[in-house]
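Numbers for residues simply follow the sequence, beginning at 1.
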Amino acid sequence: MEPRFNLFDSPTAAKVAKRFFNASLALADSTLPKSLQELVQLRVGQLNGCGFCVDAHTKEAALAGESTVRVNLVSAWRHSSVYTEAERAALALAEEGTLLGDRGVSDETWAAVRKHFDDDQVGTLVCLVSLINAATRMNVIVHNQGGSYEPGQFTALTSSN
């Protein structure tokens, strides 16, 4: 499968991509651990079939200190013993927030998220799941391929508005 289109070749799409990146910088400043943010984004990328996002967030999770075992087991987190209750709540929110058409976010998942995270972290999780869902959809639509992502590659591309 060949990429269909480079979003950075469109002035409007490039502006949107830059703004997405800048919004993600605000999320990176939250108290929600960077490694958990990467695991959540990785799970959404997996669910949406986005090879580019899986590639990016696998590499970023490793840079954030995640072990190979924990990164590799994200797709089977419910059947793994390596995640805390808080991480499980965040991963459940990522799944239910991605698969909204199935039933939305359950009261049980929301209660677990509220139990383990403060207001700022909950807000970060909601925004993170929403942004990565939009990003994965853009990448899947244009067939962006995984395999060539280099950590930090968007910093230079998006530094100017």
Task: With sequence neighbours excluded, residues passing ring pair (Phe, Tyr, Trp, His ring centres under 6.0 Å) with Y149 - done: F52

Pairwise distance [atom1]([X]) to [atom2]([Y]) - rounded to 0.5 angstrom:
X: K15; Y: F8; atom1: NZ; atom2: CZ; answer: 14.0 Å
X: L42; Y: S75; atom1: CG; atom2: OG; answer: 8.0 Å
X: R19; Y: S24; atom1: CZ; atom2: OG; answer: 14.0 Å
X: T124; Y: L32; atom1: OG1; atom2: CG; answer: 6.0 Å

Tell me the closest heavy-atom pair linking [X] and [Y], and the distance in Å.
X: F20; Y: A135; answer: CE2-N, 4.1 Å
X: S35; Y: E66; answer: CB-OE2, 3.1 Å
X: S30; Y: Q37; answer: OG-NE2, 3.5 Å
X: L39; Y: L91; answer: O-CD2, 3.9 Å

Do you reckon [X] sits in the same ILVMFWY cluster as [Y], going by side-chain contacts under 4.5 Å, direct or chained?
X: V113; Y: L131; answer: yes
X: L128; Y: F21; answer: no
X: L36; Y: L47; answer: no
X: V142; Y: V140; answer: no

Task: Which residues share a side chain to side chain donor-acceptor pair (under 3.5 Å) with T109, sequence neighbours left out - done: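 Only E96, S106 meet the side chain to side chain donor-acceptor pair (under 3.5 Å) criterion with T109.
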
Task: side chain to side chain donor-acceptor pair (under 3.5 Å) against D9, all qualifying residues, sequence neighbours excluded - done: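 Side chain to side chain donor-acceptor pair (under 3.5 Å) check on D9 returns nothing, list empty.
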
Would you please name every residue forming a side chain to side chain contact (heavy atoms under 4.5 Å, CB included) with [X], sequence neighbours left out?
X: T84; value: A86, E87
X: V44; value: N48, A94, T98, I132, N133, T136
X: T31; value: D118, D120, Q121
X: Q145; value: M1, P3, H143

Task: Under the salt bridge (Lys or Arg N to Asp or Glu O under 4.0 Å) test, residues paired with E2 that sit two or more places apart - done: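 Testing E2 for salt bridge (Lys or Arg N to Asp or Glu O under 4.0 Å), a comparison that skips the adjacent residues, returns none.
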
- [ ] Would you please name every residue forming a salt bridge (Lys or Arg N to Asp or Glu O under 4.0 Å) with R88, sequence neighbours left out?
- [x]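 Per chain and number, R88 pairs via salt bridge (Lys or Arg N to Asp or Glu O under 4.0 Å) with no residue.
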
Open item on the list: Per the ring pair (Phe, Tyr, Trp, His ring centres under 6.0 Å) rule, what does the pair list look like for residues 55-95, sequence neighbours excluded?
Closed with: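 Qualifying pairs: none.
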
Open item on the list: Show every salt bridge (charged side-chain N to carboxylate O under 4.0 Å, His left out) that has at least one partner inside residues 38-51, sequence neighbours left out.
Closed with: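 Salt bridge (charged side-chain N to carboxylate O under 4.0 Å, His left out) check on residues 38-51 returns K34-E38, R43-E95.
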
TODO: Name all pairs fulfilling the salt bridge (charged side-chain N to carboxylate O under 4.0 Å, His left out) condition that reach into residues 136-152, sequence neighbours left out, sorted by first residue then second.
DONE: none

Open item on the list: So V122 and W110, do their side chains get closer than 4.5 Å, heavy atoms only?
Closed with: yes

Task: N-O pairing of R114 and D119 below 4.0 Å - done: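 Counted as a salt bridge, because a side-chain N and a carboxylate O are separated by less than 4.0 Å.
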
- [ ] Mind running side-chain contact (heavy atoms from CB on, under 4.5 Å) on C53 and Q46 for me, showing each step along the way?
- [x] CA-CA 8 Å; C53 292; Q46 291 169 338; over 6 Å; no

